[in-house]
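Take a look at the structure below.
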Amino acid sequence: MKNRSLVSICDYNKDEQLKILEVSKEFEKKPKQRLLDGFVIASLFFEPSTRTRLSFESAINMLGGRIIGFTDAGSSSVKKGESLRDTIRTVNNYSDLIVMRHPLDGAARFASEVADIPIINAGDGANQHPTQTMLDLYTIMQTQNKLENLKVGFVGDLKYGRTVHSLTQALANFNCEFSFVAPNFLQIPTQYKEFLDEKGLKYETLANIHEVIPEVDILYMTRIQRERFSDPQEYEKVKDAYELKKSDMEPAKKNMKVLHPLPRVNEINIDVDSMPEAYYFQQALNGVFVRQAIVSMILGIK
Amino acid sequence: MKELIVSAIDTGTVIDHIPAKSVMQVVRILGLEDFENMILIGTNFDSKKLIKKGIIKVKGKFFKPETINKIALVAPQATLTIIEDYNVKNKTIVEVPEEIIGIVQCPNQNCITNHEEMNSEFFVVDKTNGIKLKCHFCEKTFGQEEMKIL
């Protein structure tokens with residue numbers, strides 16, 4: 001993995017993904033080590049993000065690396081109309097690795113072809129967010145002690161939710177079964193159904209969250225965004241139908257865990273937070289260890 | 001002997017069985033606008049294979065397979081005849097390439113290729129039920145009906 005960009009989850013094969021999980025575990029045990037002494041890492045956030053950026057920066061700081069960069073496009077030369085190509089070429093001269101988030105789909109792939117240093121994609125538009133996928137895999141492994149043969153339910157905006165797409169692709173390596181729960185117009189795109197068909201994996205698409213709660217090992221909730229709806233009344237109806245409440249959780253299996261990439265709005269009622277099944281805050285913490293593993297493996301230290 | 005509606009060329013390439021509506025796209029894809037040799041372009045001929053077809057004859061020009069295969073996107077049934085001294089030297093059909101660089105615009109408005117000065121790039125993921133392309137950058141897959149030729 002040394003010097004190889006991570007743009008899409010499919011850039012790394014199953015063995016490489018498992019190796020990342022293994023190294024992440026080492027960092028979970030000992031997150032503060034001065035492994036990145038002398039390394040400069042560029043953190044280019046062309047679009048604001050709190051969680052992902054802070055988790056990357058925290059991961060790098062704990063390992064003693066230095067960070068340069070910007071936190072939104074407004075405070076960079078992009079505002080002056082600089083092309084992405086030129087920004088990347090310039091930063092390429094100043095750093096050992098670039099972590100980038102960009103509002104356009106495919107921006108990270110393009111950057112990885114312009115730069116000679118590796119790129120880690122921290123989200124490109126609605127396309128990919130592979131470090132989120134790795135931390136999701138890590139969390140699933142942590143809670144279920146395995147990745148194979150699990151039944152995973154995805155709920156919410158499955159059409160635009162990039163975390164859902166990438167995690168589906170990643171879990172397809174482990175013979176999992178999928179339930180996609182969403183209103184019709186936000187259902188999982190055909191492209192991903194075809195992908196699962198090719199792999200010969202079982203999946204179902206449904207509209208009612210209550211049908212999947214007793215069945216699944218992992219319930220992966222996502223946010224349904226108001227902007228996706230042209231009719232505000234329709235949004236209110238859908239929002240309530242896809243809200244997970246403590247009272248819904250009664251038939252869940254004992255090992256079942258609820259995950260969410262965060263930020264949540266109202267798709268998980270706060271009365272779920274105190275339940276043993278609620279695992280989304282631990283999931284966010286895992287982001288630090290997984291990003292430590294990915295950064296140090298790409299820099300060739302681990 | 002059948003009368004030729006478009007005059008014969010002594011040496012060069014004949015591209016036949018182009019869907020009538022795609023003739024101008026083929027001209028553009030092959031960059032024939034900038035050509036100085038004689039080019040005969042005919043279209044809206046009756047055809048058994050296609051309802052209306054077009055034909056292009058380019059004098060003194062032989063295309064590389066990777067160039068000519070680009071037209072498979074708009075003319076998947078096109079045939080290619082190499083003429084030397086008024087004789088047919090070779091006859092082939094176009095083949096859909098594995099990768100398409102430039103030519104097609106990504107239909108995803110949020111794709112980087114629509115915002116940065118760069119070439120689009122696609123993998124051909126399906127050739128059997130109409131052509132399906134996957135954008136190398138935004139990773140979206142789409143069918144022929146959404147394709148826009150640049």
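Here is the naming used below: chain letters follow the sequence lines, and residue numbers restart at 1 for every chain.
- A cation-pi arrangement, defined by a distance under 6.0 Å to the six-membered ring centre and an angle within 45 degrees of its axis, is absent between Lys193(A) and Phe195(A).
- The pair Asp16(B)-Lys53(B) counts as a salt bridge, with a side-chain nitrogen and a carboxylate oxygen less than 4.0 angstrom apart.
- Chosen from Ser83(A), Ala108(A), Ala126(A), the residue pairing most often with chain B at heavy-atom distances under 4.5 Å is Ser83(A).
- With a 4.5 Å cut-off on side-chain heavy atoms, Ile39(B) and Ile56(B) count as touching.
- Scanning residues 90-121 of chain B against chain A with a 4.5 Å non-hydrogen threshold yields Asn108(B), Asn110(B), Cys111(B), Ile112(B), His115(B), Glu116(B), Glu117(B), Met118(B), Glu121(B), sorted by number.
- Residue contact with chain A, scored on non-hydrogen atoms closer than 4.5 Å, involves the backbone and the side chain of Lys140(B) alike.
- The ring-ring contact (aromatic ring centres under 6.0 Å, His included) contacts involving residues 94-140 of chain A comprise Phe46(A)-His102(A), where partners must be two or more places apart or lie in separate chains.
- With a 4.5 Å cut-off on side-chain heavy atoms, Val155(A) and Tyr220(A) do not count as touching.
- A cation-pi geometry, defined here as NZ or CZ lying under 6.0 Å from the six-membered ring centre and within 45° of its normal, does not hold between Arg101(A) and Phe45(A).
- For Gln187(A) and Thr205(A), the side-chain atoms include no donor-acceptor pair closer than 3.5 Å.
- If you measure heavy-atom distances from Pro103(A) to chain B, the contacts under 4.5 Å come from the backbone alone.
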